[in-house]
> 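If you scroll down you'll find the structure; I have some questions about it.
Below, read A as the first sequence line, B as the second, and so on, with proteins coming before strands; counting in each chain starts at 1.
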Protein chains: 2
Amino acid sequence: MVLPSWDAPPHTSGVRRLPPTAAGGGRRGVQAYPEGVSPDTVTESEKPLRADALRNRNKVLAAARTAFAQQGPDVAISEILKLAGVGSGTLFRHFPTKQDLLVAVLEQTFDQLDDQIVAALEDEDPWQGLVTLLTTTAEMQARDAAFLASVGPELFAVESLQQRNERMMVRMSGLLDRAKAAGVVRDDLAAEDLPFLISAIGGATQSCAPASVVGTSPDLWRRYLGFVLDGLRPQGAHPLPQPPPTLAQMKAMKAAKASMRCGAE
Amino acid sequence: MVLPSWDAPPHTSGVRRLPPTAAGGGRRGVQAYPEGVSPDTVTESEKPLRADALRNRNKVLAAARTAFAQQGPDVAISEILKLAGVGSGTLFRHFPTKQDLLVAVLEQTFDQLDDQIVAALEDEDPWQGLVTLLTTTAEMQARDAAFLASVGPELFAVESLQQRNERMMVRMSGLLDRAKAAGVVRDDLAAEDLPFLISAIGGATQSCAPASVVGTSPDLWRRYLGFVLDGLRPQGAHPLPQPPPTLAQMKAMKAAKASMRCGAE
DNA sequence: TGAAAAGCGGATTGGCTGATCCGGTTGCAG
DNA sequence: CTGCAACCGGATCAGCCAATCCGCTTTTCA
């Protein structure tokens, strides 16, 4: 799964069995699952779906979420299978394609983010609202490799993700307009820039990635977020939240990334 | 070739044939190849290497360079083979492993970058020197997918790349010190930050990637470089070199990336 | 409670790709 | 010119992995 070219699935010989669609298209069955734990109800059925089936569907979804988050969009299905404790037949019944599974997971992730943006809009301080947006995004990128890989304006061309993306863009525009009106950001900053800036922060975050290598701060990415934020406001440099890493730490990070493997279980 | 875990090559059954090492370890046989075109001499032999062998080796190297640049580290070997017009036996004789080939290509790329840094150090203006460094890096990331993937502090653990990386770090430190002495950058910026900032710019660059989608500027990344640069200097915002993209353009970029395929030939 | 429908899971398939093998060819020293 | 070692290239191998198939089990509903 190389991530570009989601179009012609490899060796699809016959027709595709249609999945038993448990949760309808529109979000908000149960909003934004708290983290890692599987909600035992995805409810809002379209075809009732037997009890054990629903249970398994959720097991798969939860397993996929952690697996994708830890290893990125390229985890082997077998990994997810092991984690979920179901057979491959079961998985592919609910999600006919690996991409379908990834999308289902990303939908949840995007919904979580959307909730955070809404929260940011409720903040009194317009600058703080923007900071919250970018911080949240970076946090999510730091802990979810699949999200990291699908963020920014590239996103793949899937209706449901498209929609969510647009909704978020609208909200982000609101956030930015407010900040501009208050004069706390440079006014040549456009809403369209935000996805790219998020990608930029993601780039730095990715380099810091392995959540916590011994000597290093798992929050190093905040430092680079700081630099970028300072680039967004008119007045220039502000204090940074993290000290830079030492060369030794950088070496350790690189080594950790080279050997990176499993982690869960 | 998933990029992490360069350690246990898949299914290596027997012992490995040692390659006929044409160019010695130390760089500077012929410095920094101008672009795409194969230099017909990599010279400085260690075992003379027959004439046709050397010719083929260079063909492979050149093909690999373009293939890796266009499609990233995951191009199929077959692609490179087609481009080079040689058989797989030939390729694997010179580069026993796909990684070996990639490393050979990256060595050249890194050497090119190193030359640019040296040039930046020769610039009178210390701020401009830093700008040149970051701009060059971004340019290279924009046009070379393999470089983009291997940049930042993660780099894989290969002696020869390690070395080059360290040499560049030293030079970059010099560049930064000079700029700090002149007071043109904030002084909480450390040399160790540079690789992360480069990764950040790379993140944005990647989002802009498909060199030129119709309506969009192929230089959009400069805009985000601009934001980051403004975050590095004490005085704050400066004019940006590019207008933001429109929503329609962003859509086009995404679409282009989704269908991205081949391109050469 | 019983039977049919729905679901389960793992053995299996098919295809992709990195790497190897080996019969034939070619450059080079003497 | 000649012999041979080095080299060529493509047929082939082997492992990996997404996706399918099908005999058996579980749920559901009358």
> Any side-chain heavy-atom pair from A:V151 and A:M140 closer than 4.5 angstrom?
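No. Closest side-chain heavy atoms not under 4.5 Å.
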> Does A:I80 form a side-chain contact (heavy atoms from CB on, under 4.5 Å) with A:L101? I'd like the steps, not just the answer.
CA-CA 10 Å; A:I80 298 175; A:L101 181 54; 4.0 Å; yes
> Return the nearest nucleotide to the side chain of B:R93; candidates are C:dA19, D:dC7, D:dA19.
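Minimum distance to the B:R93 side chain belongs to D:dC7.
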> In the structure I gave you, are the side-chain heavy atoms of B:I117 and B:M169 within less than 4.5 Å of one another anywhere?
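A side-chain contact under 4.5 Å is absent here.
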> Just checking, is any N or O donor in the side chain of A:Q163 or A:E159 under 3.5 Å from an acceptor N or O on the other one?
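Result is yes, a qualifying pair exists.
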> Does a side chain donor of either A:T205 or A:Q141 reach within less than 3.5 Å of an acceptor in the other side chain?
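No, because no side-chain N or O of A:T205 sits under 3.5 Å from a partner of the opposite role on A:Q141.
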> Specify the residue among B:S78 and A:T90 whose closest nucleotide of DNA chain C lies further upstream toward the 5′ end.
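On the 5' side of the pair lies A:T90.
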> Return the value, rounded to whole Å, for the distance between atom CZ of A:R57 and atom P of C:dC8.
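In whole Å, C:dC8 P and A:R57 CZ are 12 Å from each other.
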> If you pin B:V75 and A:G87 to their nearest nucleotides in DNA chain C, which one's is more 5'?
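Residue closer to the 5' terminus by nearest nucleotide: A:G87.
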> Can you give me the N/O atom pairs linking the protein to nucleotides 28-30 of chain D at distances under 3.5 Å, or say none if there are none?
from	atom 1	to	atom 2	distance (Å)
D:dT28	OP1	A:A51	N	3.2

> Between B:L91 (CG) and C:dT20 (C1'), how many Å, whole number?
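Going from CG in B:L91 over to C1' in C:dT20 covers 13 Å.
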> Is the closest side-chain heavy-atom distance between B:W221 and B:Q206 below 4.5 Å?
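No, their side chains stay 4.5 Å or more apart.
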> Ignoring backbone atoms, establish whether B:H94 has a side-chain N or O less than 4.0 Å from OP1 or OP2 of D:dC7.
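It does not, given that no N or O in the side chain of B:H94 lies less than 4.0 Å from OP1 or OP2 of D:dC7.
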> Evaluate the ring planes of B:F147 and B:F110, with Trp represented by its six-membered ring, and classify them as parallel (under 30°), tilted (30 to 60°) or perpendicular (over 60°).
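Ring orientation, 0 to 90° scale: perpendicular.
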> By side-chain hydrogen bond (donor to acceptor under 3.5 Å, both in side chains), which residues pair with B:N56, not counting sequence neighbours?
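In terms of side-chain hydrogen bond (donor to acceptor under 3.5 Å, both in side chains), with neighbours along the sequence ignored, B:N56 is linked to B:K59.
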> Rounding to an integer number of Å, can you tell me how far B:F95 CZ sits from D:dC7 C1'?
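The distance from CZ of B:F95 to C1' of D:dC7 comes to 15 Å, rounded to the nearest Å.
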> Any side-chain heavy atom of A:V60 within less than 4.5 Å of one from A:L81?
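A side-chain contact under 4.5 Å is absent here.
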> With the side chain of B:N56 defined as its heavy atoms from C-beta on, choose the nearest nucleotide among D:dC17, D:dG9, C:dG18.
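Side chain of B:N56 sits closest to D:dG9.
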> Rounded to the nearest Å, what distance is computed from the CD atom of residue A:E79 to the C1' atom of nucleotide D:dA18?
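Atom CD in A:E79 sits about 14 Å away from atom C1' in D:dA18.
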> Whole angstroms only, please: what is the CG-P distance between A:L102 and D:dA18?
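It works out to 11 Å between those atoms.
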> What integer distance in Å separates A:R55:CZ from D:dT25:P?
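After rounding, the gap between these two atoms is 18 Å.
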> Any idea which of D:dC8, C:dG9, D:dA19 is nearest the A:K98 side chain?
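Closest nucleotide to the A:K98 side chain: D:dA19.
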> To the nearest Å, give me how far apart CZ (B:F92) and P (C:dC22) are.
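Result: 17 Å.
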> Could you state the atom-to-atom distance from CD1 of B:I77 to P of C:dC16 in whole Å?
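Computing the B:I77:CD1 to C:dC16:P distance gives 17 Å.
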> If you fit an axis to the five pairs at each end of the helix from C:dT1-D:dA30 to C:dG30-D:dC1, how big is the angle between those two axes, to 10 degrees?
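Helix axis angle between the two ends: 0°.
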